[in-house]
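Keep in mind that the numbers below use all heavy atoms, side chains included, and drop hydrogens, waters and symmetry copies.
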Amino acid sequence: MTKTTTFIFHLSPNHQIKTQNHLIRHKNVKHQLNFPSQLPSSTFIPISPTKIPSTSSLISPSNHQITNHNAEIRKFCQLGNLQKAMDLACNFEQVQDTVIDSKTYCDLLQLCAESKALHHGKQVHSLMISRTIEIDSVLGSKLVFMYVSCGDLVNGRRVFDNVVSKNVFLWNFMMNAYAKIGEYEESVCLFKLMQELGVEPDSYTFTCMFKCVAAIGDGGLGLVMHGSVLKLGFGFDNTVVNSLIAFYFKCGSVDNACKVFVKMPDRDVVTLNCMISGYVANGLAEKGFEVFKEMVGCKVSVDLSTMVIVVAACASMGGVSSGRMVHAYAVKGGFDEKMKFSNTLLDMYSKCGDMDSALKVFKNMNERSVVSWTSMIAGYARVGKSDDAINLFLEMKKEGVKPDTFTVTSILHACASNGSLEKGKEVHSYITENKMQSLVVCNALMDMYAKCGSMEDAYSVFSDMVFKDIVSWNTMIGGYSKNSLPNEALDLFTKMQREITPDNVTMTCILPACASLAALNKGREIHGHILRKGLTSDLYLVNTLVDMYVKCDRLFIAKSLFDLMTVKDVVTWTVMIAGYCIHGFGHEAVLAFKKMQEKGIKFNEASFTSVLHACSHSGLVQEGWKFYNLMVNDYKIEPKLEHYGCMVDLLCRGGKLSEAYKFIKKMTIKPDVTIWGALLCGCRFHHDVKLAEIVAEKIFELEPENMEYYMLLADIYSETEKWEEVKTLRNGIRNNTGCSWIEIKGKVNIFVAGNKDNPEAKKIESLLENLRMEMNKDGFSRKLKYALADKNDMEKESAVCGHSEMLAVGFGLLTLPPGRTIRVTKNVKVCGDCHEMAKFISKNVGRQIVLRDCNRFHHFKDGFCSCRGC
DNA sequence: CTAGGGTTAG
């Protein structure tokens with residue numbers, strides 16, 4: 001490698017180039033006629049007095065040898081034989097006193113550019129430098145063209161900066177080069193520089209600038225340029241005005257775009273295309289579609305782009321009928337034979353959920369690109385047909401189509417909604433092997449791992465990312481929230497705020513974590529954040545906020561927020577109904593559901609779950625059946641496990657155990673433990689040991705490891721005083737690992753059953769023992785005698801007191817001022833003993849206790865619980 | 001002017 005090539009690799013970074021620009025413009029510009037050599041970049045060699053001007057060789061007939069050589073090189077250039085041309089040029093250099101002329105260099109550079117042969121291009125450049133060829137504006141432009149075409153913008157810019165008297169074409173070329181790779185700011189800088197140097201912009205300059213300004217979002221500069229356009233007389237140049245319209249649309253100012261449009265005397269098809277795509281981008285697809293209809297009505301000629309844009313408009317309108325119309329129209333015009341159109345068309349069908357039509361388009365295509373395959377895969381992934389998506393992905397690879405980053409993100413989406421961690425990991429390896437770890441791909445990877453339940457893998461991707469955007473953070477936080485790791489979610493949220501400003505999505509990701517921890521204060525903090533940021537119009541977010549207040553035992557605040565909301569959707573209502581339900585207001589829940597019905601809001605699966613829950617909770621058997629039938633018959637919703645569970649619960653509460661049993665046997669899907677568990681609960685309530693044993697058998701088959709149901713069966717035995725059975729069962733039961741916590745003065749105090757670490761442990765124990773004795777005296781509950789049938793009374797009592805929720809309640813009694821409600825949260829279901837004891841305490845001590853378990857709230861007051869015994 | 005991808009509530 002020659003010294004000259006070394007120079008090429010030792011370039012100063014971009015910002016230094018800018019500084020150098022500054023120098024050139026104000027100090028060196030007049031003397032800066034030649035090109036720098038291998039000397040440091042800020043130093044320039046003076047014009048060599050011995051240098052032969054390259055152009056002179058053309059007019060020098062004395063040297064036939066040289067002319068012939070040049071002609072020969074140029075001949076190979078014309079034939080496209082770069083290697084031969086290069087060989088000749090390099091050998092040429094070794095012959096003393098011979099010169100390659102400027103035209104030959106131009107041809108060589110042109111061919112290098114066309115062949116994207118950066119290495120050869122650099123070689124030509126070195127040749128020019130070593131021969132001290134004067135880089136005039138023609139050669140300079142060619143060099144810039146070569147570097148930029150070969151993707152080497154840094155060197156292209158370097159040459160560019162040293163070309164004196166650059167014409168507007170070269171300026172445009174360089175600005176476009178930056179725009180193409182997304183460096184819009186740099187492009188705008190060049191534009192400003194060009195103006196300072198007094199170079200007149202042309203129409204290409206303006207179209208490029210409007211694109212850049214729109215991308216940066218610099219509306220002010222755009223307005224200024226709008227002024228220049230008029231001043232310089234480009235107001236009637238359609239290419240300029242079209243890009244102006246596009247600029248206004250991209251900045252979201254539909255009004256300005258329309259104003260410009262209305263004043264245009266001579267609209268062309270591009271103008272109309274701009275209008276359609278502009279409307280679509282601003283969420284006004286219907287208006288865009290109107291423009292298209294007018295075009296068709298007025299017999300304005302439509303081009304392929306129009307068709308592509310209009311089909312995309314149909315996709316964003318969601319309804320497949322307009323899409324079908326356009327499809328028919330396109331067939332008449334023969335557009336459906338163009339791959340670009342077919343790709344958009346199949347994407348439209350897939351976005352409208354009509355995968356059959358999408359597949360038809362796909363199969364009819366005579367040529368399919370990676371975009372076609374990816375659109376199909378993404379479509380299957382969207383409608384939840386993950387297996388189809390994955391199969392198509394494999395088929396695509398078999399056909400030899402190379403997946404790109406779009407494809408892998410789509411397939412990751414499919415793995416995520418399928419929960420296929422193994423497949424997802426395979427895709428991960430593929431991504432790593434092919435070095436496809438772009439920002440979006442990594443975000444999709446994290447999402448896949450989060451949805452497949454592996455937060456460790458998600459975090460490992462996250463921590464390896466050099467550049468993270470808001471989506472990366474939100475994905476991680478949301479992943480922790482959904483995977484029941486609220487503390488991790490909150491920690492990451494804190495870390496995030498040090499690096500990036502959270503947005504509305506962040507809030508919807510973090511609020512469920514607050515809700516699941518019942519961390520009211522944190523939730524309030526976030527509510528404050530939402531108010532300060534003015535995010536209250538985000539329905540998604542406010543729904544989550546209402547849910548947070550519901551779960552942090554502030555039903556009243558939730559209701560106030562709910563009442564204040566001017567726009568409510570099905571989720572808003574469902575949150576509120578579920579809220580009433582878990583707080584024990586079944587009747588209010590049913591009322592809200594009816595109100596929702598009056599408002600004409602369409603129910604979905606989740607809203608039916610909530611209302612069925614409410615019915616079972618309040619013992620509204622008739623109503624429950626009515627809603628169930630409404631769901632199945634009118635809404636044609638297949639009942640899911642949750643719905644069946646509610647109905648079983650409903651029947652059990654009404655004492656119709658055998659009916660419930662029959663109902664389960666008729667289910668169209670396989671009942672799981674929660675269904676049988678509901679029936680087992682019913683058996684306990686109605687003391688039906690015989691049925692309980694049958695049901696328990698089914699449960700133990702399904703989940704032999706789940707201790708919860710052994711406990712329940714044991715309770716049933718002891719309540720019916722079958723002590724021997726209790727003993728046998730209890731021997732096999734491991735301690736349940738529940739824990740409870742109580743927030744006092746912002747500090748969360750955690751209690752684990754049997755753990756006496758709390759400094760107040762002794763006091764709590766004696767307090768609870770005293771309460772227990774009073775309870776026995778009172779004869780409050782005979783149920784308690786079964787607590788631990790094989791131990792003596794004292795042991796029995798302390799064992800009961802060891803239950804975590806009672807420890808937390810005891811701690812609350814000791815710490816909180818009298819009269820203050822005690823709020824305890826438990827991670828698993830509240831145990832029967834503690835439930836009885838809480839009732840007693842609420843009456844005996846005259847204290848309200850609110851206990852939240854994994855299912856619902858238990859409001860204990862004056863010896864009663866809002867849950868009505870379940 | 002011109003096709004496909006990632007995050008969010010019950």
Categorize V550(A) for me: base, sugar-phosphate, or nothing, with a 4.0 angstrom heavy-atom threshold over every strand shown. nothing
With a cut-off of less than 4.0 Å, is there a side-chain N or O of K451(A) near OP1 or OP2 of dT7(B)? yes
For the side chain of N543(A), starting at C-beta, report the closest nucleotide among dA9(B), dC1(B), dG4(B). dA9(B)
Given dA3(B), dG4(B), dT7(B), identify the nucleotide with an atom nearest to the side chain of T475(A). dT7(B)
With respect to F603(A), which candidate in W573(A), F627(A), F593(A) satisfies the ring pair (Phe, Tyr, Trp, His ring centres under 6.0 Å) definition? F593(A)
Classify V408(A) by what it touches in the nucleic acid, base, sugar-phosphate, or nothing, heavy-atom distance under 4.0 Å. nothing
For M275(A) and dT2(B), give me the distance from atom CE to atom C1', rounded to whole Å. 17 Å
What is the nucleic acid contact for V575(A), judged by heavy atoms within less than 4.0 Å: base, sugar-phosphate only, or nothing? sugar-phosphate
Pairing of D491(A) and K495(A) as salt bridge, 4.0 angstrom limit: no
For dA3(B), does OP1 or OP2 lie under 4.0 Å from any side-chain N or O of K338(A)? no
Would you say a side-chain N or O of K482(A) is under 4.0 Å from OP1 or OP2 of dT7(B)? no
Pair E290(A) + K287(A): basic N to acidic O under 4.0 Å: no
Nearest listed nucleotide, side chain of S277(A), among dC1(B), dA9(B), dG10(B): dC1(B)
Side chain of K340(A) - closest among dT2(B), dT7(B), dG10(B): dT2(B)
With a 4.0 Å cut-off on heavy atoms, is S375(A) in touch with a base, just the backbone sugar-phosphate, or nothing at all? sugar-phosphate
Do the charged groups of D354(A) and R324(A) touch, with an N to O distance under 4.0 Å? yes
Just to be sure I understand the rule, does D503(A) reach a base, reach only the sugar-phosphate, or reach nothing, if contact means heavy atoms closer than 4.0 Å? nothing
d(CE, M365(A); P, dG4(B)) in whole Å: 13 Å
